[in-house]
Student: 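Quick one: the structure is below, questions incoming.
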Amino acid sequence: MIKLENIHRDFEVGDQIVHALDDINLEIQQGEYLSVMGPSGSGKSTLLNLIGMLDHATSGSYYLNGKNVTELDEKQEAETRNKNIGFVFQAFHLVPRLTAAQNIELPLILAGIDPSIRKEKIDKVLEELNLTDRAHHKPDQLSGGQRQRVAIARATISEPSVLLADEPTGNLDTKSGHDVMKTLESLNDHGITLIMVTHDVALGDRSKRSIKMVDGRIESDTLS
């Protein structure tokens, strides 16, 4: 499903070249639950952004569902990303002026989905994530756990095959973090591919497969 071949991502910092990703070769199958771990600056988030097509490799090839997405133009890339990939970030990234339901609705509007179908999908996901009574609340009226569940709902409302989570519990208390992880893992149980960046060893140990990155390279790749 996801295949990275000889991926390099270089950045210029002053007169130095930083190798954020250094010859990455990685395959991830549909339905896997993978954690990406490593110290700060090891390339974890760069790898996640590249898989999510928010960043581009300096060299190498990235295949998604058998298609070389490194060859897509900007429009094709956006269409592929919107159809296949959902994102959950530590900082939530909800639109402050919109309600929970309106935040969740955004990807459906961008995809041109009929309003009646949008309402049906939103009502269903609000119920599934225990957010029905918060549908008309704005982000500043929600707890951290509720905001992250809204972000998860927005990320999955278009039924992507891959969910990318970057430190998804980083801004949450222990109980809210546990609830969010249960939600993410339930989505994985239903077939979505879950790729999570975390510095938390306890969270990493929950995944079925874990890779450790050091200095832009994959140091280990283990199955639990």
Student: Going through the distances and angles, do R134 and V150 end up as a side chain to side chain contact (heavy atoms under 4.5 Å, CB included)?
Tutor: CA-CA 9 Å; R134 294 291 184 266; V150 171; over 6 Å; no
Student: Treat each ILVMFWY residue as a node, draw an edge where side-chain heavy atoms are under 4.5 Å apart, and state whether I152 and M181 are in one component.
Tutor: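 As far as the 4.5 Å side-chain criterion goes, M181 and I152 are connected within one cluster.
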Student: Do P160 and I192 come close enough that some side-chain heavy atom pair is under 4.5 Å?
Tutor: yes
Student: Using atom types as modelled and distance alone, determine if a side-chain donor or acceptor of S176 lies under 3.5 Å from a backbone N or O of D173.
Tutor: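 No; zero donor-acceptor contacts below 3.5 Å.
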Student: Could you measure the distance from the CG atom of L34 to the CG atom of L223? Nearest 0.5 Å is fine.
Tutor: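 If I round to the nearest 0.5 Å, the distance is 9.5 Å.
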Student: A quick test of your reading: do over 12 heavy atoms of other residues, nucleotides or ligands sit less than 6.0 Å from CD of Q141?
Tutor: yes
Student: Do R81 and V69 have side chains that approach each other closer than 4.5 Å (heavy atoms only, starting at C-beta)?
Tutor: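 Contact flag for R81/V69 side chains = no.
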Student: Hey, any chance V197 and F87 share a hydrophobic cluster, counting ILVMFWY side chains that come within less than 4.5 Å of each other, even indirectly?
Tutor: yes
Student: Using 30° and 60° as the class boundaries, would you call the ring planes of F89 and H93 parallel, tilted or perpendicular?
Tutor: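 F89 and H93: perpendicular rings.
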Student: Step by step, would you call V88 with L164 a side chain to side chain contact (heavy atoms under 4.5 Å, CB included)?
Tutor: CA-CA 6 Å; V88 178; L164 305 179; over 6 Å; no
Student: Evaluate the side chain to side chain contact (heavy atoms under 4.5 Å, CB included) criterion for residues K138 and L94: first the C-alpha distance (whole Å), next the side-chain angles of each, then the deciding distance (0.1 Å), finally the verdict.
Tutor: CA-CA 9 Å; K138 293 182 178 179; L94 301 177; over 6 Å; no
Student: Any side-chain to backbone donor/acceptor pair from N84 onto S161? Under 3.5 Å, distance only.
Tutor: no
Student: Report yes if some heavy atom in the side chain of K175 is under 4.5 Å from a heavy atom in the side chain of D179; otherwise report no.
Tutor: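 Yes - at least one pair of side-chain heavy atoms lies under 4.5 Å apart.
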Student: To the nearest 0.5 Å, tell me how far D221 CG sits from N25 CG.
Tutor: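 Answer rounded to 0.5 Å: 11.5 Å.
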Student: Got a second to check how far L64's CG is from M1's CE, nearest 0.5 Å?
Tutor: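 With rounding to 0.5 Å, CG (L64) is 5.5 Å from CE (M1).
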Student: Is a side-chain donor or acceptor of S186 paired with a backbone partner of K182 at a separation under 3.5 angstrom?
Tutor: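 Looks like no, no N/O pair under 3.5 Å.
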Student: When you check the side-chain N and O atoms of Q146 and H137, is any donor under 3.5 Å from an acceptor?
Tutor: no
Student: Under a 3.5 Å threshold, yes or no: a donor from one side chain and an acceptor from the other, between S61 and T70?
Tutor: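 There is no such pair between these side chains.
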Student: Might you work through the side chain to side chain contact (heavy atoms under 4.5 Å, CB included) test for E167 and H199, ending with a clear yes or no?
Tutor: CA-CA 8 Å; E167 302 283 4; H199 69 277; 3.1 Å; yes
Student: Are I85 and L194 linked, directly or through intermediate hydrophobic residues, by side-chain heavy-atom contacts shorter than 4.5 Å (ILVMFWY only)?
Tutor: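 Unlinked, L194 and I85 end up in two clusters.
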Student: State, to 0.1 Å, how close R9 and T58 come at their nearest heavy-atom pair, and which atoms those are.
Tutor: CA-OG1, 3.5 Å
Student: Check the hydrophobic clustering (I, L, V, M, F, W, Y; side-chain heavy atoms under 4.5 Å; chains of links allowed) and say if L54 and L163 are grouped together.
Tutor: no
Student: For a side chain to side chain contact (heavy atoms under 4.5 Å, CB included) with I211, tell me which candidate from T222, I195, L26, I28 qualifies.
Tutor: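 The residue from T222, I195, L26, I28 that satisfies side chain to side chain contact (heavy atoms under 4.5 Å, CB included) with I211 turns out to be L26.
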Student: H56 and L50: which non-hydrogen atoms are nearest, and at how many Å?
Tutor: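 Where H56 meets L50 most closely, the heavy atoms are C-CD1, 4.0 Å.
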Student: What is the distance from atom CZ of R97 to atom CG of N103, rounded to the nearest 0.5 Å?
Tutor: 9.5 Å
Student: Does Q30 use its side chain to pair, donor to acceptor, with the backbone of G191 at less than 3.5 Å?
Tutor: yes
Student: Could you check if a side-chain atom of M196 sits within less than 4.5 angstrom of a side-chain atom of V36, using non-hydrogen atoms only?
Tutor: no
Student: Can you check whether D166 reaches K44 side chain to side chain, under 4.5 Å on heavy atoms?
Tutor: no
Student: Once rounded to the nearest 0.5 Å, what's the spacing between atom CG of L106 and atom CZ of R154?
Tutor: 7.0 Å
Student: Taking all non-hydrogen atoms of both residues, which atom of Y62 and which atom of I51 are closest, and how far apart?
Tutor: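 Looks like OH-O, 2.6 Å.
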Student: Between V180 and P168, which heavy-atom pair has the shortest distance, and what is it?
Tutor: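 Smallest interatomic distance, heavy atoms only, reads CG1-O, 4.3 Å.
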Student: Under 3.5 Å, is there a donor-acceptor pair between the side chain of K3 and the main chain of Y63?
Tutor: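 Pair absent, no side-chain N/O of K3 close to backbone of Y63.
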Student: Regarding S116 and D114, do their side chains bring together a donor and an acceptor under 3.5 Å, going by distance alone?
Tutor: yes
Student: Heavy atoms only: give me the nearest V13-V18 pair and the separation to one decimal.
Tutor: CG2-CG2, 3.6 Å
Student: Quick check on N65: does its CG atom have over 12 non-hydrogen neighbours (other residues, nucleotides or ligands) under 6.0 Å away?
Tutor: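 Yes, CG of N65 has more than 12 neighbouring heavy atoms, counting only those of other groups under 6.0 Å.
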Student: Give a yes or no on this: more than 12 heavy atoms of other residues, nucleotides or ligands lie within 6.0 Å of atom CD of E79.
Tutor: yes
Student: Can you confirm whether I218 sits close enough to K212 that some side-chain heavy atom of one is under 4.5 Å from a side-chain heavy atom of the other?
Tutor: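 Answer no - side chains too far apart.
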Student: Under 4.5 Å between side-chain heavy atoms, hopping through other hydrophobics if needed: is there a path connecting L47 to Y33?
Tutor: no
Student: For M37 versus G204, what's the shortest heavy-atom pair and its separation?
Tutor: SD-CA, 3.7 Å
Student: With rounding to the nearest 0.5 angstrom, report the CD to CD1 distance, E5 to I24.
Tutor: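 The CD atom of E5 sits 13.0 Å away from the CD1 atom of I24.
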Student: Donor-acceptor pair, S224 side chain versus S207 backbone, under 3.5 Å?
Tutor: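 Yes, the answer is positive, given that a donor and an acceptor are paired below the 3.5 Å cut-off.
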